[in-house]
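One structure is given here, and the rest of the page talks about it.
A, B, ... follow the sequence lines: proteins, then strands. Residue 1 opens every chain.
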Amino acid sequence: MLTEIIFYGRGGQGGVTAANILANAALKDGNKGVQAFPFFGAERRGAPVRAFARISDEEIYLRSQITEPDIVVVLDTGIMDVLDVTNGLKKDGLILLNSNKKPEEFGFDFRTATVDATGIAIEQEIVVGGIPVVNTPIVGAVAKFLGISIDSVKEAIMERWPGKAGEKNARAAQLAYEKVIS
Amino acid sequence: MLTEIIFYGRGGQGGVTAANILANAALKDGNKGVQAFPFFGAERRGAPVRAFARISDEEIYLRSQITEPDIVVVLDTGIMDVLDVTNGLKKDGLILLNSNKKPEEFGFDFRTATVDATGIAIEQEIVVGGIPVVNTPIVGAVAKFLGISIDSVKEAIMERWPGKAGEKNARAAQLAYEKVIS
Amino acid sequence: MKVIDTGNHIAALAAKMARPEVIAAYPITPQTTVVERLAQYVERGELDAEFIRVESEHSAMAACIGASATGVRTFTATASHGLLLMHEMIHWAALARLPIVMINVNRAIGPGWNIWSDMNDSMAQRDTGWIQFYVSSNQEIFDTVIQAYRIAEHEDVMLPVMVSYDGFILSHTSMAVDVPEQEKVDSFLHEFNSMWKLDSSHPITHGNIIMPDDYMEVRYSMKKAMDNAMKIIEEVDEEYGKKFGRSYGLVEEYKTEDADYVIVATSAIASEARVAIDVLREKGKKAGLARLRVHRPMPFSRFNYDKMIVIDRAVSLGLGNGGIIYNELKSRGDVYGFVAGLGGKDVNYKDIVKMYEMAEKGKEGWYGVEVD
Amino acid sequence: MKVIDTGNHIAALAAKMARPEVIAAYPITPQTTVVERLAQYVERGELDAEFIRVESEHSAMAACIGASATGVRTFTATASHGLLLMHEMIHWAALARLPIVMINVNRAIGPGWNIWSDMNDSMAQRDTGWIQFYVSSNQEIFDTVIQAYRIAEHEDVMLPVMVSYDGFILSHTSMAVDVPEQEKVDSFLHEFNSMWKLDSSHPITHGNIIMPDDYMEVRYSMKKAMDNAMKIIEEVDEEYGKKFGRSYGLVEEYKTEDADYVIVATSAIASEARVAIDVLREKGKKAGLARLRVHRPMPFSRFNYDKMIVIDRAVSLGLGNGGIIYNELKSRGDVYGFVAGLGGKDVNYKDIVKMYEMAEKGKEGWYGVEVD
Amino acid sequence: MMETAISYPTEGGMGKTGTWRIFRPVVDNSKCINCRICWVYCPDAAIKMLMDMPENEGKDIKGIEIDYDYCKGCGICANECPVKAIKMEREEK
Amino acid sequence: MMETAISYPTEGGMGKTGTWRIFRPVVDNSKCINCRICWVYCPDAAIKMLMDMPENEGKDIKGIEIDYDYCKGCGICANECPVKAIKMEREEK
Amino acid sequence: MASIKNFPKEEYVLKGHAACPGCPITIALRTALKALGNDVTLIVPASCSAVVQSLVPKTSFNVPVLNIAFAASASAASGVAAALKRLGKKTIPVVWAGDGGSYDIGIQALSGALERREDFIYVCYNNQMYSNTGIQRSGATPYGAWTTTTWTGKKEMQKELAEIVMAHHIPYVATASIAYLDDLYEKMKKAKEMEGPRYIEIFSPCPPGWRFDMSKTVEIARLAVQTGSWVLYEAINGKIEFTSYSKMLLKGRERKPIEDWLRMQGRFRHLTEEDIKRIKEAIDEKWKYYMQIYNKD
Amino acid sequence: MASIKNFPKEEYVLKGHAACPGCPITIALRTALKALGNDVTLIVPASCSAVVQSLVPKTSFNVPVLNIAFAASASAASGVAAALKRLGKKTIPVVWAGDGGSYDIGIQALSGALERREDFIYVCYNNQMYSNTGIQRSGATPYGAWTTTTWTGKKEMQKELAEIVMAHHIPYVATASIAYLDDLYEKMKKAKEMEGPRYIEIFSPCPPGWRFDMSKTVEIARLAVQTGSWVLYEAINGKIEFTSYSKMLLKGRERKPIEDWLRMQGRFRHLTEEDIKRIKEAIDEKWKYYMQIYNKD
Ligand SMILES: Cc1ncc(C[n+]2csc(CCOP(=O)(O)OP(=O)(O)O)c2C)c(N)n1
Ligand SMILES: Cc1ncc(C[n+]2csc(CCOP(=O)(O)OP(=O)(O)O)c2C)c(N)n1
Ligand code: SF4
Ligand code: SF4
Ligand code: SF4
Ligand code: SF4
Ligand code: SF4
Ligand code: SF4
Ligand SMILES: [Mg+2]
Ligand SMILES: [Mg+2]
């Protein structure tokens with residue numbers, strides 16, 4: 001089975017990193033096909049951007065962009081003023097938002113989940129230049145809906161940032177995995 | 001009819017100029033096809049070089065080099081030590097040499113003609129940097145064998161060097177035309 | 001070891017494992033991360049090599065030529081305008097018979113500036129005498145870079161090799177790649193070997209004035225080398241397969257045996273086409289795929305299909321519809337040509353299915369522009 | 001007026017009579033005398049233009065682009081390595097749709113340095129989007145340069161034009177040329193006309209970042225321009241013929257009507273081939289000649305001969321036998337390909353007769369090298 | 001059909017780039033001394049001096065107006081303002 | 001078969017370039033002061049000092065030998081010789 | 001002397017462009033165009049400045065712009081200048097190039113145009129690296145700076161392009177900074193009135209490239225001058241005069257410690273004491289030389 | 001100080017090469033290789049020097065030679081240097097380029113290699129024009145000189161490449177002349193012993209190009225120095241010292257009249273009195289400057 005995911009965020013917010021960690025975790029879980037890639041734009045810092053991930057138990061031959069995702073992840077709900085994140089989302093698809101609100105408060109016609117990734121980041125002291133790092137908790141949360149083990153996610157995080165930083169991020173992912181509500 | 005001519009000389013001696021003047025004179029005489037071109041080498045001053053001319057009453061479509069000339073012109077007999085100027089010359093072809101010797105003294109198996117172009121150049125005071133200019137007299141001489149009018153030759157010379165220089169050169173051509181022996 | 005990384009990082013890793021002694025490169029989107037990663041390997045001491053941070057791509061290739069002529073293995077990478085600026089030196093490397101290996105990350109040519117995938121850059125080098133690969137996955141990037149050195153340095157070949165892949169689509173997409181042990185790579189690659197080299201104990205001159213007869217011989221010997229390469233590429237690929245468990249061939253076929261129409265494509269589009277074939281087969285259409293992996297030497301003899309649908313991501317304007325591979329294969333049968341995906345325009349399997357169905361109706365041409 | 005002069009001087013004369021406003025060029029054998037003569041015209045006040053003595057060919061083309069984009073007629077000339085060094089800017093000029101006219105004097109590519117005729121330089125630019133002429137006599141050089149401006153600046157075309165001819169064989173050979181009056185040329189060429197220009201009273205930006213959809217449209221519009229050019233070239237040629245008494249067409253045929261085999265060639269070899277046809281006819285062979293004068297756009301539809309013998313002076317190594325025109329025409333019938341004359345190797349009518357006779361026996365390949 | 005890459009001068013070439021903002025400059029015009037420093041340094045030309053506006057011509061007015069449609073929130077104005085009349089606040093969304 | 005443009009060091013790369021000569025340098029070794037000037041300036045390396053020749057080792061010998069096979073007759077040696085020991089003469093052919 | 005109070009109100013850089021927040025390029029260009037006016041043709045090679053313009057078919061630059069290949073700005077400008085001359089127009093060709101396109105890949109075209117005495121203004125905004133491709137070293141990258149091609153810090157000193165340009169003996173050479181916009185404005189005005197090749201280089205700190213907070217662009221630029229790391233001067237027909245704050249330094253005002261400046265930038269974070277000493281010495285050396293010359297005059 | 005008496009007898013330029021009679025290139029190269037020895041790799045761009053070597057498969061240069069594209073010598077040399085370093089060899093990469101390939105089309109590669117501090121020697125033999133293609137102007141062509149692209153005399157002053165190279169702050173820069181071979185030899189020897197980029201420029205009058213009798217090559221080169229038109233100096237780590245005859249001029253010996261030199265050359269035949277005055281003034285100006293500096297020290 002193939003799952004296609006779009007991450008919405010801002011330039012510099014780490015959407016691509018999230019997609020990468022997710023793909024790596026999926027690989028560890030035995031998925032043969034994994035892909036993670038940025039939207040191929042010419043954007044500068046701050047501008048709204050997208051990142052993509054594909055996960056499958058078989059080799060993936062697709063090389064095109066994702067237009068009809070199974071899951072949409074929103075790292076920064078602020079960008080929902082600028083663009084429609086549900087665009088192309090499959091009817092039975094899922095929206096996962098970084099928010100301390102309840103899913104139903106967003107009133108989407110789609111299955112919706114929320115996790116307070118920002119809150120978790122602040123709590124775990126993963127803040128860079130005053131800005132909370134939300135991509136690791138968000139991966140923890142999305143893993144849940146993909147049936148990817150949180151251990152694989154944490155392993156993937158530790159591979160990327162060995163040591164202290166990794167541990168904090170892994171903990172954030174774990175927390176998000178536990179706290180995400182839908 | 002097509003006539004093909006090779007001029008042998010040294011880099012800087014004006015073989016190409018001779019070919020050009022001859023071609024121009026031939027054109028004036030009503031030949032539709034005329035060509036003049038250097039040997040396409042990478043030679044430096046002093047090295048033996050060749051130049052070519054083709055003259056025809058019809059359009060010339062040939063673009064290849066001349067390997068079987070009808071006429072061979074030698075501007076500097078010194079180079080005959082280095083190379084065989086009769087190479088490829090048609091059986092009924094002609095060799096014209098810049099020399100004050102008699103044709104028979106050279107003992108060629110070909111029809112041979114000589115003209116003292118150097119002597120004429122000195123006499124007419126066409127000397128550049130101490131070296132006599134032999135290309136204009138030699139054209140005068142070769143014209144004779146091609147049935148090209150000496151007036152056309154002189155006209156072609158005057159076009160190239162209007163004024164005094166042209167006149168001296170034209171006179172040299174005229175003299176050579178008259179004095180060439182075969 | 002399974003590694004998950006972008007095409008560019010995989011290319012850098014493969015280059016590193018081939019142990020080049022001199023790397024000279026200049027950054028350009030979307031190749032940049034290849035260069036960055038290699039610089040990092042060298043600075044961290046993970047790769048024992050000289051890295052020359054040249055001031056242009058013309059110089060990058062010139063430096064590789066200088067180093068290769070001195071007798072060491074070299075590597076460079078570029079894209080688009082970088083490749084175009086190298087053009088003179090690309091010709092030079094081939095005529096000098098230097099086994100340089102280069103990555104080209106396909107990107108469209110400006111103006112306007114366009115950083116997305118399009119093969120006009122490398123296709124416009126098709127007449128330079130380089131061996132040219134077009135690859136479809138990160139794994140294949142790795143495997144092909146290693147193979148490239150064996151091929152380039154083979155004594156019957158001695159020609160430079162260019163390995164191209166789609167900008168962003170591969171260069172910036174992370175995929176899982178099986179990376180062999182360094183020792184295994186070492187044992188697959190031989191000592192650097194070249195046709196000639198500069199050595200003050202045996203002085204020779206390379207490249208002075210050459211007369212027509214000798215020149216024509218040089219060109220002919222390159223032609224023979226290309227002919228040889230066709231065989232050597234397959235041999236190397238086979239040996240690689242035995243050692244590492246993966247091989248690709250000159251042309252990779254998929255369900256072609258009974259196909260009514262065979263789609264011919266390269267790179268990312270060829271991979272995507274595989275999905276289209278499955279969709280078409282589900283629809284009951286006998287579709288097949290021939291992925292052209294090696295464009296120079298062009299494996300003409302592999303194209304023995306009655307009907308072909310060629311999808312080109314590069315054009316030779318003024319040559320029929322423009323499709324370059326299409327035009328090259330036209331004489332091999334009934335061929336329908338589509339030009340698609342220029343300037344990074346996305347081409348997905350649905351598009352390819354549509355092209356197939358258009359070809360069935362005898363249509364061809366440019367796909368995805370309003371044709372008036 | 002009948003003038004007798006070398007191909008290069010005739011090219012300079014034609015350029016002068018087309019009244020370019022800006023000329024930017026760099027010397028290279030065998031183009032040099034074009035540049036020298038133009039510099040002389042300008043310095044003597046015989047041509048009222050700016051002559052930019054650039055420091056490289058990349059800059060020559062860049063300067064022409066800058067001038068053309070500012071709204072004036074431009075000219076340049078180059079050869080071989082100069083053309084290769086321009087490669088990036090050659091692509092640029094085409095994508096910018098600037099009607100620049102350029103002479104290329106065909107010369108082989110190094111190493112080793114070889115200054116003689118060979119068409120690999122311009123043929124390697126076949127994918128750049130330029131209109132490309134190959135001419136066979138000094139008269140045709142003159143006529144084609146004048147025509148080139150009309151074609152390039154035609155509102156349905158707006159593409160740059162390259163006019164190529166053999167180094168030394170034409171460039172340094174004096175032939176008689178009929179030169180028309182300046183007024184007649186003036187009345188044939190219109191005011192300079194361009195698709196866009198930079199003007200501070202109507203500021204626009206050219207060439208900033210362009211996204212895939214728009215980019216693909218730009219490419220497609222170039223394709224359409226090339227399609228249009230096929231027609232416009234003929235129209236302009238016809239009008240030129242009416243006015244000046246000479247016209248050439250896209251393909252010039254000689255005794256093809258009843259030919260068993262039609263020889264296809266360009267430039268000097270095509271002229272020499274005419275002599276070969278006569279010799280072959282005398283021998284009782286029904287030989288014909290189709291001289292390809294325009295290579296981009298490629299006039300495919302003109303090649304409706306059963307059997308063709310293509311002689312190429314340029315190769316795409318790794319593409320069958322390599323012959324570029326041969327490979328492009330292969331799909332048009334029964335084609336025999338010969339590669340000949342690389343690096344200036346002389347090809348005379350006797351060689352061509354031999355190739356014909358080889359083709360009759362089903363042979364083809366490289367002519368004039370010891371093939372082992 | 002696009003024939004070559006020509007562009008025309010347009011405000012908002014990249015859309016409302018104010019959406020890129022994470023921090024928002026807020027001015028207290030009562031502190032402003034009309035020094036023009038924020039105006040001259042703003043990389044986005046998003047600041048106007050009140051006194052430059054036609055409607056304020058002749059008035060002795062102090063202060064600036066920030067165009068939040070385009071201000072990207074870099075904070076240079078706040079950093080450079082000699083009287084600290086500008087503060088950066090977290091954008092609420 | 002030539003595979004790429006490789007050349008090997010050879011005396012007489014262009015053949016006997018002495019044939020290019022129009023004027024011939026002729027030395028009067030009795031005037032020579034062994035200053036080496038002609039030797040060092042000769043663009044064609046066509047001059048040898050007699051004293052450098054193995055057979056003359058140890059001898060107190062003055063003068064030069066010109067290799068007419070390769071001397072192109074430029075006349076620099078004659079022009080530079082401080083004692084005018086070299087003269088240029090028209091080549092007889 | 002110009003004052004920002006008197007700068008024209010016209011804006012030729014339109015709002016809503018594509019630059020990063022806090023970008024020095026648009027700071028520099030806004031002021032440059034205020035000084036030059038809109039009768040110019042900008043020639044822009046590959047660089048952040050090409051991206052900043054926004055996407056086809058929109059542009060944020062309200063003057064004519066010719067984008068051109070990376071290596072080709074000065075030669076394209078030569079063509080523009082020649083054409084403008086033919087057309088009898090007063091429009092000034094102005095190259096607007098990054099340090100990469102000037103110090104490295106464009107220097108041949110630049111040097112050629114200078115030698116030919118082309119009539120144009122060449123502006124190099126120097127952000128000391130290739131920022132558009134994501135922070136690689138350029139010839140202008142200073143010793144010790146981290147970039148993605150010099151992970152452990154650049155090993156070589158930067159090229160001194162303004163010096164190199166001066167060695168071409170052209171009418172006008174000036175250095176400027178985005179922190180000293182009155183000085184920049186003045187220099188642009190002067191250049192505008194001259195003929196022949198004119199060169200102005202503008203020091204332009206880039207937040208993502210140098211790794212500092214985007215609100216500090218101007219502050220960092222200012223400190224570079226105040227620490228003597230960047231120097232403001234102009235040379236009219238070869239005669240050098242220091243300007244603005246640098247002139248004060250020359251006259252004796254104390255230079256701020258270079259550490260203040262280095263510390264603010266992530267790209268220098270890894271520097272060892274030794275590295276800093278070397279940088280300090282190089283600056284001291286430079287100033288010793290300036291002082292010597294100055295005191296001799 | 002070296003004397004021609006002690007020059008090695010080895011010849012690395014073989015008899016029977018392809019240069020014109022009286023060619024300065026082989027004069028320069030003979031001496032240069034005597035100084036450098038044969039553990040070098042010559043890198044030669046398109047130029048007369050490429051032709052001089054003779055035709056494939058023969059070469060008249062008895063050291064390794066890499067001929068390379070016109071614009072590529074310093075970058076090819078960088079590659080050679082890197083490879084030699086890897087191979088642990090002491091061989092010195094030596095670029096041997098004309099003025100065209102150095103002042104004009106090769107300057108970008110040169111400037112880049114200097115900035116990178118490549119370990120090689122760059123020699124520019126300056127015959128002040130493109131001689132190989134038949135006498136076109138280069139950046140080194142002096143004001144007023146006729147060439148086939150400046151029929152009425154060049155309108156611009158020549159570029160000063162040695163100055164430009166010095167602005168790159170490299171270890172060694174020197175100018176030399178084929179008339180002063182002991183000086184040239186000495187400089188080559190010095191360069192040989194140093195590391196990093198080293199630049200030597202050799203003044204090389206060309207008989208067909210400058211239109212003088214082929215026996216006068218050395219004489220004209222000598223007069224150029226004696227008239228002060230060409231200056232011999234070296235700069236070790238930026239410190240300039242005049243050498244040989246130029247040093248004597250600096251110390252007060254009188255310069256010969258420039259007319260003596262101009263008159264000998266066909267390329268200057270058309271000069272007006274005014275032109276000559278301008279040339280004279282430029283030389284006087286230059287020397288005034290030298291004297292000033294010299295007397296200050
Ligand atoms: C021939 C070529 N090589 C490389 C590139 C890629 N490239 C585009 S912009 C750039 C860096 C520009 O650096 P700089 O000139 O300093 O401008 P900045 O981006 O810093 O504004 C590079 C390497 C290109 N466009 N063309
Ligand atoms: C890219 C390129 N452009 C032009 C040429 C033609 N070309 C070869 S040598 C030469 C002139 C060389 O001048 P210089 O460097 O001064 O050397 P010289 O001939 O004077 O020895 C030129 C223009 C070339 N080979 N390559
Ligand atoms: S925050 Fe930045 S963009 Fe916004 S107004 Fe202030 S300086 Fe301008
Ligand atoms: S910087 Fe501060 S004081 Fe100056 S104009 Fe802006 S807001 Fe007013
Ligand atoms: S004439 Fe010239 S080539 Fe002959 S020996 Fe004298 S210097 Fe040498
Ligand atoms: S220059 Fe004269 S004196 Fe000196 S070595 Fe030669 S021949 Fe003898
Ligand atoms: S990377 Fe730096 S220079 Fe480039 S747009 Fe962003 S801030 Fe400006
Ligand atoms: S043209 Fe001049 S530099 Fe070139 S080989 Fe002849 S003499 Fe030497
Ligand atoms: Mg920069
Ligand atoms: Mg020169």
Side-chain angles (χ1 to χ4, degrees), chain C residues 19-24 26 48-74 76 85-93 95-96 98 100 192 196-211 213-215 217-218, chain H residues 12 18 37-46 49-87 89-93 95 105-106 108-116 118 120:
Chain C
R19 301 190 191 275
E21 306 257 0
V22 173
I23 299 166
Y26 193 73
D48 192 14
E50 289 291 311
F51 190 100
I52 312 179
R53 294 162 183 85
V54 283
E55 77 298 329
S56 80
E57 291 86 355
H58 195 274
S59 287
M61 187 48 67
C64 287
I65 288 168
S68 189
T70 306
V72 304
R73 187 171 288 159
T74 57
T76 187
L85 188 56
M86 271 184 194
H87 187 65
E88 182 187 19
M89 304 318 290
I90 292 176
H91 282 279
W92 195 283
L95 276 148
L98 296 170
I100 297 163
F192 180 75
W196 60 278
K197 72 173 179 214
L198 297 171
D199 176 353
S200 59
S201 54
H202 298 96
I204 58 162
T205 286
H206 184 267
N208 46 327
I209 308 253
I210 184 168
M211 300 289 285
D213 285 339
D214 287 337
Y215 185 89
E217 277 195 12
V218 167
Chain H
Y12 302 113
N38 64 349
D39 197 5
V40 296
T41 294
L42 285 195
I43 295 101
V44 180
S49 292
V51 179
V52 160
Q53 293 161 38
S54 304
L55 305 174
V56 169
K58 295 179 184 169
T59 177
S60 302
F61 292 1
N62 199 8
V63 292
V65 180
L66 180 67
N67 285 284
I68 199 73
F70 203 14
S73 7
S75 41
S78 303
V80 171
L84 288 168
K85 188 170 169 195
R86 294 292 309 164
L87 296 169
K89 291 196 182 172
K90 298 232 168 307
T91 312
I92 307 173
V95 171
I105 202 172
Q108 184 153 301
L110 171 58
S111 177
L114 300 180
E115 190 258 334
R116 292 192 303 273
E118 301 289 357
F120 75 123

Between [X] and [Y], which heavy-atom pair has the shortest distance, and what is it?
X: A82(H); Y: I52(C); value: CB-CD1, 3.7 Å
X: A69(H); Y: E88(C); value: CB-OE2, 3.3 Å
X: A69(C); Y: L66(H); value: CB-CD1, 4.0 Å
X: F61(H); Y: T205(C); value: O-OG1, 4.1 Å
X: P203(C); Y: N62(H); value: CG-OD1, 3.5 Å

Do the side chains of [Y] and [X] get nearer than 4.5 Å, heavy atoms only?
X: P57(H); Y: D214(C); value: yes
X: T41(H); Y: T70(C); value: no
X: V56(H); Y: M211(C); value: no
X: H58(C); Y: Q108(H); value: no
X: V72(C); Y: L87(H); value: yes

Which portion of [X] sits near chain H, non-hydrogen atoms under 4.5 angstrom:
X: A60(C); answer: neither
X: E21(C); answer: both
X: M89(C); answer: side chain
X: I204(C); answer: backbone
X: V22(C); answer: side chain
X: A24(C); answer: neither

Determine yes or no for a side-chain-to-main-chain donor-acceptor pair under 3.5 angstrom, with N208(C) supplying the side chain and K58(H) the backbone.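 Side chain of N208(C) to backbone of K58(H): a pair is present.
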
Ignoring hydrogens and geometry, is there a side-chain-to-backbone donor-acceptor pair from R86(H) to D48(C) under 3.5 Å?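 At least one qualifying donor-acceptor pair exists.
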
Separation of [Y] [atom2] from [X] [atom1] (nearest 0.5 Å):
X: D199(C); Y: D39(H); atom1: CG; atom2: CG; value: 9.0 Å
X: E55(C); Y: S78(H); atom1: CD; atom2: OG; value: 7.5 Å
X: R116(H); Y: S59(C); atom1: CZ; atom2: OG; value: 6.5 Å
X: H206(C); Y: I43(H); atom1: NE2; atom2: CD1; value: 14.0 Å

So which part of V40(H) gets closer than 4.5 Å to some heavy atom of chain C, the side chain, the backbone, both or neither?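 The backbone, not the side chain.
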
For E118(H), is it the side chain, the backbone, both or neither that has a heavy atom under 4.5 Å from a heavy atom of chain C?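 Answer is side chain: those atoms of E118(H) sit under 4.5 Å from chain C.
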
Could you tell me which of [options] has the largest number of non-hydrogen atom pairs under 4.5 Å with chain C?
options: N38(H), L84(H), I68(H); result: I68(H)
options: A76(H), A50(H), P93(H), S111(H); result: A76(H)
options: A109(H), G112(H), S54(H); result: A109(H)

Which residue out of G207(C), S56(C), A62(C) racks up the most heavy-atom pairs below 4.5 Å with chain H?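 Highest number of pairs under 4.5 Å: A62(C).
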
Decide if atom NZ of K89(H) counts as having more than 12 heavy atoms of other residues, nucleotides or ligands within a radius under 6.0 Å.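 Result for NZ/K89(H): enclosed.
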
